[in-house]
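Accompanying notes for the structure given below.
Sequence lines set the chain letters: A, B, ... in the order given, protein chains first and strands last, and positions in each chain run from 1. Note that this is a predicted model, so its numbers are computed, not measured. Quick note: numbers below take in every heavy atom, side chains included, and nothing from hydrogens, waters or symmetry partners.
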There are 2 protein chains.
Amino acid sequence: MVFVAGLQVQPGSGKVTRTDVARYAGVSTAVVSYVINGGPKPVAAATAARVREAIKVLQYQPNATARALTMGSARLLGMIVPDSTNPYFAELTDAIAQVAAARGYALLAANSRTDAETERQNTLSLVSRQVDAIILATVLSPSEVAAMPVQGIPRVLIDQSSTVHGVPTVSTDFEQGAVAGVQHLIGHGHRDIAILVGRDIDPSRVDPRHNGWKTALRDAGLTEGPVEFTDFTRQGGYEATRRLLERPKRPTAIFASSDLLAVGALLALHEADLSIPDDIAVVSFDGTSESEFSWPPLTTVRQSINLIAEAAVRAALSSDDSEGKAQLLATELIIRRSCGC
Amino acid sequence: MVFVAGLQVQPGSGKVTRTDVARYAGVSTAVVSYVINGGPKPVAAATAARVREAIKVLQYQPNATARALTMGSARLLGMIVPDSTNPYFAELTDAIAQVAAARGYALLAANSRTDAETERQNTLSLVSRQVDAIILATVLSPSEVAAMPVQGIPRVLIDQSSTVHGVPTVSTDFEQGAVAGVQHLIGHGHRDIAILVGRDIDPSRVDPRHNGWKTALRDAGLTEGPVEFTDFTRQGGYEATRRLLERPKRPTAIFASSDLLAVGALLALHEADLSIPDDIAVVSFDGTSESEFSWPPLTTVRQSINLIAEAAVRAALSSDDSEGKAQLLATELIIRRSCGC
DNA sequence: ATGAAAGCGCTAACAG
DNA sequence: CTGTTAGCGCTTTCAT
């Protein structure tokens, strides 16, 4: 315990409030606010210096909770993803946190574990914590999303193409990306191209990547290859691929709708002693770092995580509805060894 | 807009406060608190029912910020990791969030990007947000950690063996784990075992896994194999392994001190057309899901993420200093194909 | 069993 | 340029 100028001071221990700083600097609490926030009123240079000195000596840290109560904003963004350990979402969450931090916002991320009820709870929790907006990769249907009670907190949908009335969407153009990936395989001469698709909670919803695969095949005059639905995990990709290999006729190429699925597929293929890409070629979707270091490295349809992060945060923080539309971001085909180039 | 019992109600839009609920239910705000929190005062069954009805109709969500101000706790835990996209930390963060959620706490996670200054900023940010505790995988030295002004907020160190006075530590027993992994390689007959180690910001600090490797080698009467320091990334593992392969004498086995490093190593090995485990065996550390799906699947020293999460949250939330010590958790050797078993 | 009111730390309108 | 004060939404003591 230290005594400074007759005041009892315990740097770093108990909570130091703005009142302590004011007393130490011999000013009112308002003045402390003015110097901390640079306004709204001017403060004499000498006074400001005394306040700053007091802040330093007392190791004062403003209480963001109190500030949030007063201001009606905690400068906090919320985010919900279906699987926070999926590298794609891990990278995306990180990117969004960086962009948000640059604007002075922190990111409170939640994991719905691909469960509707958990997502609802996550949403309620974020709402009660007064986040300024929620960036949401939902597992709910548009009508269910619309029905959530969010106290007027803005939301931004990511990672899907369907739209919810009044809720802006920022997403990769899954369908076009899938078209590009499958066309690349077709360009290699493949006629029998399978697809691995994530199973959706809502069976009526179709993955746009599935549509893109169909489109590319149809446009090339090819018949649709086998389709395997599975969990959006490495294990899911592994199991789906094993089922694929048990079929009477083996496809010559696989389009996996995520890196995770592709990584699982690779293992199944290796275990079956198949050579990649000679016996069977693989193209995946996402372009996470993991796809770069698999064996063989995956040719992949890369989503631009940075652009999504930028656009999502901008949409989340823009109060004007000028951005109330759906934004579709382009993909980039990354050529590596798994396609046979 | 809806009118209920003469009151103007807009479910889901503007903020509904406890005052609105009280008015709608025809009670005082105190009573609303009593029924929401189940105390501290009893409420007549009929009154409670009216309040609950009002909450439902108005879609009232308590304001956690205001509650935090009053209670002095936001029921929020903070966490800082050096790389949130490293699957190990992604899985650990998720596990901690689950454990925290079970106790009614949310988790605010930050990424220091292995940068000391960023970690300091992250810490300050969490402190000002009044988190109840900070779970920290630090890149700072013990004295630097101790020097941080944290306003008395408790911290728990994870992912390291060194201790900071007064700060409890929960960590895997890195050294023993490394010993087990290297011994396994020795048991396979390897005499020339290299190690891949993460480069530390603080060069004076040695990775306990490095020590474990030395110990196992010494105890077996073997000379130390080559050591490669590198970034704690897949790319880092890749580059380190390429350097390893350029050396005059190639080791017959590699101990990688993380899955990420091992995955990078695998790619370098494949590119060099080396057969794993025949030409060169690999054992890694962590036991993330990624290690299970690489080719070949990695024999790995698994950290118990769930135990770490449990212990870290318990330590973070226990005010008594009974847990003020260092806890070292045991590892488990997972045998897969990369070691040659 | 219920209500009135103080107070958590901060901001900003208003007054000097 | 500086100070006083009301109020953000909630909890809880103290009255009734």
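Side-chain contact, B:Ser304 with B:Asn306: no donor N or O sits under 3.5 Å from an acceptor N or O. Residues B:Asn122 and B:Ser112 have side chains that never bring a donor and an acceptor to within less than 3.5 angstrom of each other. Side chains of B:Gln160 and B:Thr138: a donor-acceptor N/O pair is absent below 3.5 angstrom, by distance only.
Nucleotide C:dA1 holds its P atom 14 Å from the CZ atom of B:Arg50, rounded to whole Å. The separation between B:Ile36 atom CD1 and D:dG9 atom C1' is 11 Å, rounded to whole Å. A straight line from OH of B:Tyr34 to P of D:dG9 spans 20 Å, rounded to a whole angstrom.
When heavy atoms are screened at a 4.0 angstrom cut-off, B:Ala30 is found touching base atoms of the nucleic acid. B:Val27 comes within 4.0 angstrom of sugar-phosphate atoms only, judged by non-hydrogen atoms across all strands, and of no base.
With hydrogens and angles disregarded, no donor-acceptor distance shorter than 3.5 Å links the side chain of A:Arg52 to the backbone of A:Val35. Between the B:Arg103 side chain and the B:Arg75 main chain, no donor and acceptor come within less than 3.5 Å of each other. A donor-acceptor distance shorter than 3.5 angstrom exists from the side chain of B:Glu119 to the backbone of B:Val139, with no hydrogens or angles considered.
Nearer to the 5' terminus of DNA chain C, by closest-nucleotide assignment, is the contact made by B:Ala44 (compared with the other of A:Val32 and B:Ala44).
For B:Thr29, taking side-chain heavy atoms from C-beta onward, the closest of the listed nucleotides C:dG3, D:dT5, C:dA5 is C:dA5.
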Look for any protein N or O under 3.5 Å of an N or O in nucleotides 7-10 of chain C and output each such pair with its distance, or none.
{"residue": "C:dC8", "atom": "O2", "partner": "B:Thr70", "partner atom": "N", "Å": "3.4"}
{"residue": "C:dC8", "atom": "O2", "partner": "B:Thr70", "partner atom": "OG1", "Å": "3.1"}
{"residue": "C:dG9", "atom": "N2", "partner": "A:Ala66", "partner atom": "O", "Å": "3.4"}
{"residue": "C:dG9", "atom": "N2", "partner": "A:Thr70", "partner atom": "OG1", "Å": "2.7"}
{"residue": "C:dC10", "atom": "OP1", "partner": "A:Tyr60", "partner atom": "OH", "Å": "2.3"}
{"residue": "C:dC10", "atom": "OP1", "partner": "A:Asn63", "partner atom": "N", "Å": "3.0"}
{"residue": "C:dC10", "atom": "OP2", "partner": "A:Arg18", "partner atom": "N", "Å": "2.6"}
{"residue": "C:dC10", "atom": "OP2", "partner": "A:Tyr60", "partner atom": "OH", "Å": "3.4"}
{"residue": "C:dC10", "atom": "O2", "partner": "A:Thr70", "partner atom": "OG1", "Å": "2.9"}

